[in-house]
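So the structure is just underneath, and the comments pick up after that.
On a predicted model such as this, the values are computed, not experimentally measured, just so you know. Scope of the values below: all heavy atoms of this structure, side chains included, with no hydrogens, waters or symmetry mates.
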Amino acid sequence: MLDLYGVEITSRLLLGTARYPSPKVLGEAVRASRTDIVTVSLRRESAGGKAGGSFLELISALNVRILPNTAGCHSAKEAVTTAQMAREIFGTDWIKLEVIGHHDTLQPDVFELVNAARILSDEGFEVFPYTTDDLVVAERLVEAGCKVLMPWCAPIGSAMGPVNLAALRAMRAHFPDTPLIVDAGLGRPSHAAAVMELGYDAVLLNTAVANAGDPIAMAGAFADAVEAGRAGFSAGLLEPRDMAVPSTPVIGKAVFS
């Protein structure tokens, strides 16, 4: 079980809900992913008009927990206001905090992010901050009240996979007791397995599933990969070696002259 702000979660895969070909495909992909949590953009639903109500009915029928996000916000003030609105609409203190600082890479503005996290934590929100793999920023977020961290492994939607494994390892080692969820940049099931093998607690996906040729099958593939990566980490992975090591014992073997 994964504990997130006192809530026990069975699945270690979180799924985004944007850009699916249809509501039906979205619903089937969520089921195939076996996820317990989906993220929802308040801006997207507000812009959807009457369609927003139908979308929420669909999500409610899936029996999953909603994690609203502040996607599209570019300042702490904007993110805080969006989070406050999301709490009223979705009836939850959970918020995935995004404060974007760069239009091309969608990299977080870490200064505004920390400010927003502090304000929201003081207001009783349970914050899931989308951040970089920088240890200092992560420490500031924890000091601001965040009990979960969501570092990227590559820019949003890039599908590049973990581009800095050393940084991800360092973050895992530096925050052994903090739930860490890799958010953004995963493109293949093998990418998800790789970060789970590092000891990360979960991954969050959207584009890799929603934009796949078969989103439903891809959701299932990622679910299996996440479980495999976690099982491998828990079992104790064999570390790489510089030299060959025989798998068959040589002591006591027959010698012919």
Next on the checklist: Same cluster or not: L15 versus L58, using hydrophobic residues (I, L, V, M, F, W, Y) connected whenever any side-chain heavy atoms lie under 4.5 Å apart?
Outcome noted: yes

Checklist entry - Any salt bridge (Lys or Arg N to Asp or Glu O under 4.0 Å) pairs touching residues 155-176, not counting sequence neighbours? => result R172-D201

Checklist entry - If every non-hydrogen atom of G16 is compared with every non-hydrogen atom of L204, which pair is closest and at what distance? => result N-CD1, 4.1 Å

Next on the checklist: So which atom in T92 and which in I66 form the shortest heavy-atom distance, rounded to 0.1 Å?
Outcome noted: CG2-O, 4.2 Å

Checklist outcome for this item: CD1 (I156) and CG (N206) are apart, to the nearest 0.5 Å, by 9.5 Å

Checklist entry - Restricting to pairs with a member in residues 191-231, which pass ring-ring contact (aromatic ring centres under 6.0 Å, His included), not counting sequence neighbours? => result none

Checklist entry - Which residues satisfy the side-chain contact (heavy atoms from CB on, under 4.5 Å) test with A193, sequence neighbours excluded? => result A225

Checklist entry - Where do Y20 and V25 come nearest, in terms of heavy atoms and distance? => result CD2-CG1, 4.3 Å

Next on the checklist: So, taking the atom named CG in L2 and the one named CD in E8, what distance separates them when rounded to the nearest 0.5 Å?
Outcome noted: 9.5 Å

For a quick test of your reading: what N or O donor-acceptor pairs under 3.5 Å do the side chains of residues 210-218 make, sequence neighbours left out?
residue : atom : partner : partner atom : Å
D214    : OD1  : I216    : N            : 3.2
D214    : OD1  : A217    : N            : 3.1

Item to check | OG1-CD distance between T131 and Q107, expressed to the nearest 0.5 angstrom | outcome: 9.0 Å

Next on the checklist: Please report the interatomic distance CG(L14) to CD1(I37), rounded to the nearest 0.5 Å.
Outcome noted: 4.5 Å

Item to check | Residue pairs fulfilling side-chain hydrogen bond (donor to acceptor under 3.5 Å, both in side chains) with at least one residue in residues 23-33, sequence neighbours excluded | outcome: K24-E28

Checklist entry - Is there a side-chain contact between H103 and H74 (heavy atoms, below 4.5 Å)? => result yes

Next on the checklist: Closer than 3.5 angstrom, by distance alone: can the side chain of D36 be matched with the main-chain N or O of I9 as a donor-acceptor pair?
Outcome noted: no

Checklist entry - Heavy-atom count around N63 CG within 6.0 Å, excluding the residue itself: above 12? => result no

Item to check | Where at least one partner belongs to residues 215-242, residue pairs that pass side-chain hydrogen bond (donor to acceptor under 3.5 Å, both in side chains), sequence neighbours excluded | outcome: R34-D224, R34-E227

Checklist entry - Is V127 linked to V7 within one hydrophobic cluster, defined over Ile, Leu, Val, Met, Phe, Trp and Tyr using a side-chain heavy-atom separation of less than 4.5 Å? => result yes

Next on the checklist: Nearest 0.5 Å, please: how far is CG in D109 from CD1 in I100?
Outcome noted: 9.0 Å

Item to check | Over all atoms of both residues, closest heavy-atom pair of G187 and A208 | outcome: O-CB, 3.8 Å

Item to check | Partners meeting side-chain hydrogen bond (donor to acceptor under 3.5 Å, both in side chains) with S190 (sequence neighbours left out) | outcome: none

Please tabulate, for side-chain N and O atoms in residues 134-150, each donor-acceptor pair with protein atoms closer than 3.5 Å (sequence neighbours left out).
residue : atom : partner : partner atom : Å
D134    : OD1  : V136    : N            : 2.9
D134    : OD1  : V137    : N            : 3.0
E139    : OE2  : H174    : NE2          : 2.6

Item to check | Partners meeting side-chain contact (heavy atoms from CB on, under 4.5 Å) with S60 (sequence neighbours left out) | outcome: none

Checklist outcome for this item: Contacts satisfying salt bridge (Lys or Arg N to Asp or Glu O under 4.0 Å) that involve residues 181-190 (not counting sequence neighbours) are K96-D183

Checklist entry - Is there a donor-acceptor contact under 3.5 Å from the side chain of T39 to the main chain of L67? => result no

Checklist entry - Linking I/L/V/M/F/W/Y whenever their side-chain heavy atoms sit closer than 4.5 Å, directly or via other members, would V195 and F175 fall into one cluster? => result yes

Checklist outcome for this item: In terms of heavy-atom contacts, L186 and A192 come closest through CD2-N, 4.2 Å

Item to check | Those residues that, when tested against R87, pass salt bridge (Lys or Arg N to Asp or Glu O under 4.0 Å) (two or more places apart) | outcome: D93

Checklist entry - With the 4.5 Å side-chain cut-off for hydrophobic clustering, are V209 and L106 part of the same group? => result no

Checklist entry - Looking only at atom types and distance, does a side-chain atom of S41 sit under 3.5 Å from a main-chain N or O of N69, one as donor and one as acceptor? => result no

Checklist entry - Just how far is it from atom CZ of R12 to atom CE of M1, taken to the nearest 0.5 Å? => result 10.0 Å

Item to check | Over all atoms of both residues, closest heavy-atom pair of P68 and A86 | outcome: CB-CB, 3.8 Å

Next on the checklist: Starting from I181, can I reach V163 by hopping between I/L/V/M/F/W/Y residues whose side chains sit under 4.5 Å apart?
Outcome noted: no

Next on the checklist: For residues 123-159, which residue pairs pass the ring-ring contact (aromatic ring centres under 6.0 Å, His included) check, not counting sequence neighbours?
Outcome noted: Y5-F128, W94-F128

